[in-house]
**Student:** 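Dropping the structure in here first, questions after.
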Amino acid sequence: MKKLKTHTLVGGVLIGVLLVLALVAALWTPYNPLGIDLRGKLQPPSAAHWLGTDEFGRDVASRAMRAASTSCLIALLTVALATAVGLVVGVLAGFVRGWTDRVLMAFNDTLLAFPGLLLALGVMVIVGANQWGIVLALSMAYAPSVVRVVRGTVLSLREREYVEASRMIGNGEIYTMWRHILPNCVAPVAVLATSMFGWVLLSESALSFLGLGVPPPAPTWGNMLSSARPYMASAVWLCLVPGLCIALTLLGINLLGESLRDRLDPRTEKS
């Protein structure tokens, strides 16, 4: 219990700070994240610029804040879309069975055969490298995992006594799925969605690092890391700031995910 409280506290603080920065950055930043000042380029952290400036004189703190807003929005939209699609497809496949299950799972297994990042790259070639293209591409990459989890849960639920009782009193299949099956899928999907937020954020950062994410000059942690590569020796703060942002966010998400898993599944062994 003490370990659970510690994980919840640390993870909650880290993610809480991230969300506050993301919300504040959507309305205000200390400097214009896109403003160029070549006379003040590559300045180290100071009272004027707490985290220094980059190669174009842009304030690193302001860009990191705006990047948090962009990354959080992409991750939240992607998780919401992937979870919604995964729930619908997984419940249909697991509850209806028959040819519906075979067709849906054949398509799902085809998507799972591709590495997630490679599948996202293929989709982005078609839809283009932009914020909404990233959301669609990463949703297609991660939705198959949700389908698998939901379908497995539904297969274990569809033979339960209360489901049979619902059928016996005359309730339709759609009502039974909505009233008895779907609510019992919430716990495993909630745990998966929490972890997925971190995976999506890391994938978005990787795509941006490769130059396939949100196009510059809009800041993301990934493209900030990419542009900092030539200056790793002379301006180390340029890579430390976005790198630490990614690492601390993933740490917070993992701690929250572990706490949520332990709360929703009391059978989980505590180490």
Side-chain angles (χ1 to χ4, degrees), residues 71 73-160 163 173-174 176-178 180-215 220 222 250 253-254 257 260-261 265:
S71 297
L73 179 61
I74 291 175
L76 287 173
L77 291 175
T78 301
V79 170
L81 182 57
T83 301
V85 172
L87 274 172
V88 173
V89 176
V91 169
L92 284 176
F95 192 77
V96 178
R97 300 302 302 275
W99 67 267
T100 302
D101 182 30
R102 290 193 292 272
V103 170
L104 290 176
M105 294 313 297
F107 180 70
N108 193 71
D109 291 341
T110 301
L111 294 179
L112 280 174
F114 294 93
L117 199 57
L118 181 61
L119 179 60
L121 287 172
V123 174
M124 290 183 64
V125 170
I126 300 173
V127 301
N130 54 67
Q131 183 169 311
W132 302 110
I134 295 174
V135 171
L136 179 60
L138 292 179
S139 297
M140 288 189 64
Y142 288 108
S145 300
V146 182
V147 173
R148 273 291 178 186
V149 171
V150 173
R151 178 179 178 270
T153 304
V154 172
L155 288 176
S156 66
L157 293 173
R158 68 190 303 270
E159 307 300 334
R160 296 286 179 88
V163 176
E173 297 294 287
I174 295 178
T176 301
M177 284 191 292
W178 177 262
H180 300 290
I181 299 296
L182 194 58
N184 288 286
C185 297
V186 171
V189 171
V191 176
L192 180 61
T194 304
S195 301
M196 194 190 307
F197 185 92
W199 304 340
V200 170
L201 191 144
L202 188 60
S203 297
E204 183 273 327
S205 297
L207 290 172
S208 296
F209 183 83
L210 295 173
L212 299 171
V214 177
T220 67
L250 293 178
I253 286 293
N254 288 335
L260 186 61
R261 182 200 64 202
D265 186 4

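Because only heavy atoms are used, hydrogens play no part in the values below, and waters and symmetry mates are left out as well, while side chains stay in.
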**Student:** Is there a side-chain contact between Ile134 and Met124 in this structure, where contact means two heavy atoms from C-beta onward sitting under 4.5 Å apart?
**Tutor:** yes

**Student:** Nearest 0.5 angstrom please: Leu207 CG to Leu212 CG, how far?
**Tutor:** 6.0 Å

**Student:** Do you know which two heavy atoms are closest between Thr153 and Pro188, and how far apart they sit?
**Tutor:** OG1-CG, 3.8 Å

**Student:** Of all the heavy-atom pairs spanning Val154 and Cys185, show the shortest one and how long it is.
**Tutor:** CG2-SG, 3.7 Å

**Student:** Any pair with a residue in residues 134-148 that passes salt bridge (Lys or Arg N to Asp or Glu O under 4.0 Å), sequence neighbours left out, goes on the list, sorted by first then second residue, please.
**Tutor:** Asp109-Arg148

**Student:** For the backbone of Val96 and the side chain of Thr100, can you confirm whether one donor and one acceptor N or O come within less than 3.5 Å of each other?
**Tutor:** no

**Student:** Contact between Leu201 and Ile74 at the side-chain level, heavy atoms closer than 4.5 Å - yes or no?
**Tutor:** no

**Student:** Are side-chain heavy atoms of Phe95 and Thr176 found at a separation under 4.5 Å?
**Tutor:** yes

**Student:** Please collect all salt bridge (Lys or Arg N to Asp or Glu O under 4.0 Å) contacts where either partner lies in residues 83-101, sequence neighbours excluded, each pair once.
**Tutor:** Arg97-Asp101, Asp101-Arg151

**Student:** For residues Ser156 and Arg160, report the shortest heavy-atom separation together with the two atoms involved.
**Tutor:** O-NE, 3.3 Å

**Student:** Hey, could you give me the CG/CG distance between Leu77 and Leu81, rounded to the nearest 0.5 Å?
**Tutor:** 8.5 Å

**Student:** How long is the span from the OG atom in Ser145 to the CG atom in Leu192, to the nearest 0.5 Å?
**Tutor:** 6.5 Å

**Student:** Return the minimal non-hydrogen interatomic distance between Met140 and Val123, and the atom names on each side.
**Tutor:** SD-CG2, 3.8 Å

**Student:** Looking at residues at least two apart in the chain, or sitting in another chain, which of them share a side chain to side chain donor-acceptor pair (under 3.5 Å) with Ser203?
**Tutor:** Tyr142

**Student:** Out of the candidates Thr110, Leu112, Leu104, only one should pair with Asn108 under the side-chain contact (heavy atoms from CB on, under 4.5 Å) rule; please name it.
**Tutor:** Leu112

**Student:** Is any side-chain heavy atom of Val150 less than 4.5 Å from a side-chain heavy atom of Val189?
**Tutor:** yes

**Student:** Give me the atom names and distance for the closest heavy-atom approach of Val79 to Met196.
**Tutor:** CG2-C, 4.1 Å

**Student:** What distance do Trp199 atom CH2 and Thr78 atom OG1 have between them, rounded to the nearest 0.5 Å?
**Tutor:** 13.5 Å

**Student:** Over all heavy atoms of both residues, which pair between Leu138 and Ala120 is shortest? Give the atoms and the distance, please.
**Tutor:** CD2-CB, 3.9 Å

**Student:** Got a donor-acceptor contact below 3.5 angstrom from the Arg158 side chain to the Val163 backbone?
**Tutor:** no

